[in-house]
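Data first, discussion second: the structure below is written as structure tokens.
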Amino acid sequence: MVKPDIHTLAHHLKQERLYVASEKQLIQRLNSDVLKTAERLYRAAWIAKQQRINLDRLILTSAEASPAECCQHAKMLEDTQFVDGYKTLGFQETIYGEFLARLWENPRLVASCLVAGERLNQENTQAVTHTVFTALYGNCIMQEDESYLLQVLRYLVEFELKESDNPRRLLRRGTCAFSVLFKLFTEGLYSAKLFLTATLHEPIMQLLVEDEDHLETDPAKVTERLTPAQQERFGEKGSEGYKQRVQAAVEANEAKLVALVNKFIGYLKQNTYCFPHSLRWIVSQMYKTLSCVERLEVGEVRTMCTDLLLTCFICPAIVNPEQYGIISDAPINEVARFNLMQVGQLLQQLAMADDDADPRRKSSLSKFDKSCVAAFLDVVLGGRAVETPPMSSMNLLEGLSRTAVYITHNQLLMLVDFVRNVMAGDHLREEEHMALETLLANVPQSRTVKSNSLELTPSNTPQLSPATTPANKKNRLPIGTCLHGLLALLFHQVAC
């Protein structure tokens with residue numbers, strides 16, 4: 001009896017071993033598929049963000065970037081091919097990898113370098129700021145990258161806004177490192193897209209459906225867009241009847257705009273429950289930090305926080321809802337675009353103090369409840385401010401670590417040169433200066449590069465492989481990958 005039992009046991013053990021081996025192979029294949037899919041995601045995100053920056057360049061700075069140049073740039077981005085960094089950088093790939101790894105994990109130093117670069121009037125500061133977001137922090141796809149970038153933003157509030165003589169003007173200009181990083185972050189944040197869609201889709205659709213006339217509130221411009229036949233209804237220009245009819249048209253347009261803006265504000269309040277936790281955190285940190293500045297009154301700080309949310313986050317989505325995925329199936333004509341801009345401008349004016357408001361809109365603004373926007377900010381600022389950035393409530397990639405950072409060769413060299421120039425200046429604290437010296441100790445001197453050029457011409461570009469990691473450290477990020485005509489560097493996380 002014993003012998004058959006042993007045979008049976010051996011058979012079962014063999015079957016179990018085969019089953020376990022099969023499951024291990026399946027898990028390995030699934031892990032491999034996940035990593036390959038994640039790599040495609042990183043690459044697609046990198047190209048998409050570069051395309052967005054290219055589009056913004058065309059729209060906002062057309063004097064510097066011609067349509068032909070931007071179209072060529074877009075085509076080259078579409079044809080991008082990624083290559084391992086070591087093929088171009090050789091043995092120096094690990095040196096650059098270690099440099100990026102140490103910089104990545106030190107958000108305070110990153111913020112200090114950006115602020116110092118601005119104070120030194122480094123011409124490529126904005127381009128480096130883009131590189132910090134798209135390459136160093138990988139477009140914030142991973143939770144760890146998002147957490148580090150939020151800390152960079154918090155330190156920028158402390159080092160840049162807090163130290164500024166006029167932080168509000170600095171914010172509204174939109175070119176400081178904080179504003180640029182905040183814009184890049186909110187444009188790609190998944191929870192921000194959900195909030196904007198939930199909040200703005202319905203009122204924007206109603207605006208598109210309900211009105212076909214320009215809601216102009218400037219008496220001097222009311223008749224400018226009308227056909228000759230429509231202008232005749234106003235009578236002879238300059239006559240008393242003409243002035244009365246123009247004023248009546250202005251009042252009618254103001255009434256429609258007030259109703260529209262109140263509708264938008266109502267949806268803002270209604271959807272604060274899904275306001276992104278990460279944005280709530282950075283606004284709370286901004287309020288907490290700037291409230292401690294003696295020269296700033298609490299009311300002014302509140303206005304700045306509201307201004308940040310409206311000017312840099314909500315109003316751009318109102319004016320261009322297609323770019324944010326809010327409206328995808330409804331065409332927006334010139335009249336609708338104008339009216340959306342009117343709504344956005346009124347919302348921005350409501351965030352301003354009375355002395356700063358546009359006097360031409362005083363009549364429209366007087367029809368609003370002054371506390372309507374303040375109530376929205378109260379909800380955003382509500383709760384206790386914590387020091388640690390919040391974990392994303394919708395982290396669909398939990399448990400996955402980023403294995404690479406994508407950066408062009410020009411961007412890498414420009415970043416290194418930027419850090420060297422900052423270190424040579426006198427705007428860093430002593431401990432930060434020492435940290436940069438350590439970072440750059442082994443990094444080779446690089447050739448000078450153009451601040452706004454990605455050099456998207458066909459050529460082989462390198463990819464970096466994992467850098468050496470100290471035995472007592474985990475998850476260090478070295479580098480890798482290059483592009484067709486571009487150098488893109490990758491971080492490979494290495495466990496001890």
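Residue indices begin at 1 and follow the sequence shown. This is a predicted model, so every value here is computed, not measured. The basis for the numbers below is simple: all heavy atoms, side chains too, and nothing from hydrogens, waters or symmetry mates.
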Taking the side chain from Thr272 and the backbone from Leu268, do they hold a donor-acceptor pair closer than 3.5 Å? no

Which residue is it: Leu149, Val115, Leu103, Val419? I am looking for the one with a side chain to side chain contact (heavy atoms under 4.5 Å, CB included) to Val110. Leu103

Rounded at 0.5 Å granularity, tell me how far NZ in Lys288 sits from CG in Leu381. 13.0 Å

Go through it in stages, so that I can follow the logic: the residues are Leu196 and His201, the test is side chain to side chain contact (heavy atoms under 4.5 Å, CB included), and I'd like the CA-CA distance, side-chain angles, deciding distance and then a yes or no. CA-CA 8 Å; Leu196 291 174; His201 181 268; over 6 Å; no

Mark yes or no for whether Ser284, through its side chain, and Arg280, through its backbone, hold a donor-acceptor pair below 3.5 Å. yes

Nearest 0.5 Å please: distance from the CG atom of Asn339 over to the CD1 atom of Ile332. 11.0 Å

List the atom of Val301, the atom of Ser291, and the distance in Å for their closest heavy-atom pair. CG1-OG, 3.9 Å

Taking every non-hydrogen atom, the tightest pair across Val416 and Val443: CG1-CG1, 3.7 Å

With a 4.5 Å limit on heavy-atom distance, are the side chains of Gln323 and Arg52 in contact? yes

Quiz question: by atom type and distance under 3.5 Å, do the side chains of His214 and Gln342 form a donor-acceptor pair? no

Which residues pass the ring pair (Phe, Tyr, Trp, His ring centres under 6.0 Å) test with Tyr324, sequence neighbours left out? none

Any donor-acceptor N/O pair, Thr311 side chain to Leu308 backbone, under 3.5 Å: no

For Glu430, I'd like to know if atom CD has over 12 heavy atoms of other residues, nucleotides or ligands within 6.0 Å. no

Show your reasoning for whether side chain to side chain contact (heavy atoms under 4.5 Å, CB included) applies to Gln151 and Glu146. CA-CA 9 Å; Gln151 293 180 57; Glu146 181 180 323; over 6 Å; no

For Asn54 versus Cys70, what's the shortest heavy-atom pair and its separation? ND2-O, 2.9 Å

Is any side-chain heavy atom of Asp145 less than 4.5 Å from a side-chain heavy atom of Met142? yes

Could you go through the side chain to side chain contact (heavy atoms under 4.5 Å, CB included) check for Lys183 and Phe313 one step at a time? CA-CA 7 Å; Lys183 179 177 183 291; Phe313 177 47; over 6 Å; no

Does the ring of Phe159 carry Arg429 above it, NZ/CZ under 6.0 angstrom from centre and within 45° of its axis? yes

Set of residues satisfying side chain to side chain donor-acceptor pair (under 3.5 Å) with respect to Glu300, sequence neighbours excluded: none

Which value, rounded to the nearest 0.5 Å, describes the distance between Met304 atom CE and Arg168 atom CZ? 8.0 Å

For a quick test of reading the model, state the closest non-hydrogen atom pair linking Phe264 to Leu200 and the distance between them. CD2-CD2, 3.8 Å

Residue pair Thr175 / Gln126: nearest heavy atoms and the distance that separates them: O-NE2, 3.7 Å

Would you say the side chain of Pro203 lies within less than 4.5 Å of the side chain of Ile318, judging by non-hydrogen atoms? no

Sidechain-backbone polar pair: Glu118 side chain, Ala177 backbone, donor-acceptor under 3.5 Å: yes

Return yes when atom CD of Glu322 has more than 12 non-hydrogen atoms of other residues, nucleotides or ligands closer than 6.0 Å, and no otherwise. yes

When you check the side-chain N and O atoms of Thr217 and Glu254, is any donor under 3.5 Å from an acceptor? no

Is it true that Glu98 and Arg102 have a side-chain N and a carboxylate O under 4.0 angstrom from each other? yes

Using 30° and 60° as the class boundaries, would you call the ring planes of Tyr406 and Phe82 parallel, tilted or perpendicular? perpendicular

Side chains of residues 127-135: which donor-acceptor partners sit under 3.5 Å, not counting sequence neighbours?
{"residue": "Thr129", "atom": "OG1", "partner": "Thr125", "partner atom": "O", "Å": "2.8"}
{"residue": "Thr131", "atom": "OG1", "partner": "Ala127", "partner atom": "O", "Å": "3.1"}
{"residue": "Thr134", "atom": "OG1", "partner": "His130", "partner atom": "O", "Å": "2.9"}

Within the side chain of Gln51, is there an N or O that forms a donor-acceptor pair under 3.5 Å with the backbone of Ala74? yes

Taking all heavy atoms of Tyr148 and all of Pro107, pick out the closest pair and write down the distance. O-CB, 3.6 Å

So do Asp56 and Glu187 actually touch side chain to side chain, heavy atoms under 4.5 Å? yes

Crowding at CZ, Arg295 (>12 non-hydrogen neighbours, <6.0 Å): yes

Is a side-chain donor-acceptor pair under 3.5 Å present for Asp307 with Thr303? no

Measure the shortest side-chain to side-chain distance between Leu153 and Val157 over non-hydrogen atoms and say whether it is less than 4.5 angstrom. no

Mind running side chain to side chain contact (heavy atoms under 4.5 Å, CB included) on Arg302 and Glu297 for me, showing each step along the way? CA-CA 9 Å; Arg302 286 179 59 86; Glu297 297 180 0; over 6 Å; no

Report the distance from atom OG1 of Thr289 to atom CE of Met286, rounding to the nearest 0.5 Å. 9.5 Å

Stepwise, does the salt bridge (charged side-chain N to carboxylate O under 4.0 Å, His left out) test hold for Glu69 with Arg57? CA-CA 11 Å; Glu69 180 187 347; Arg57 223 170 125 236; 3.0 Å; yes

Carboxylate-amine/guanidinium contact Glu202 Lys263, below 4.0 Å: no

With salt bridge (charged side-chain N to carboxylate O under 4.0 Å, His left out) as the test, would you mind laying out the steps for Asp378 and Lys269 before giving the verdict? CA-CA 10 Å; Asp378 288 337; Lys269 294 177 182 176; over 6 Å; no

Between CD on residue Glu39 and CG on residue Leu41, distance to nearest 0.5 Å: 10.5 Å

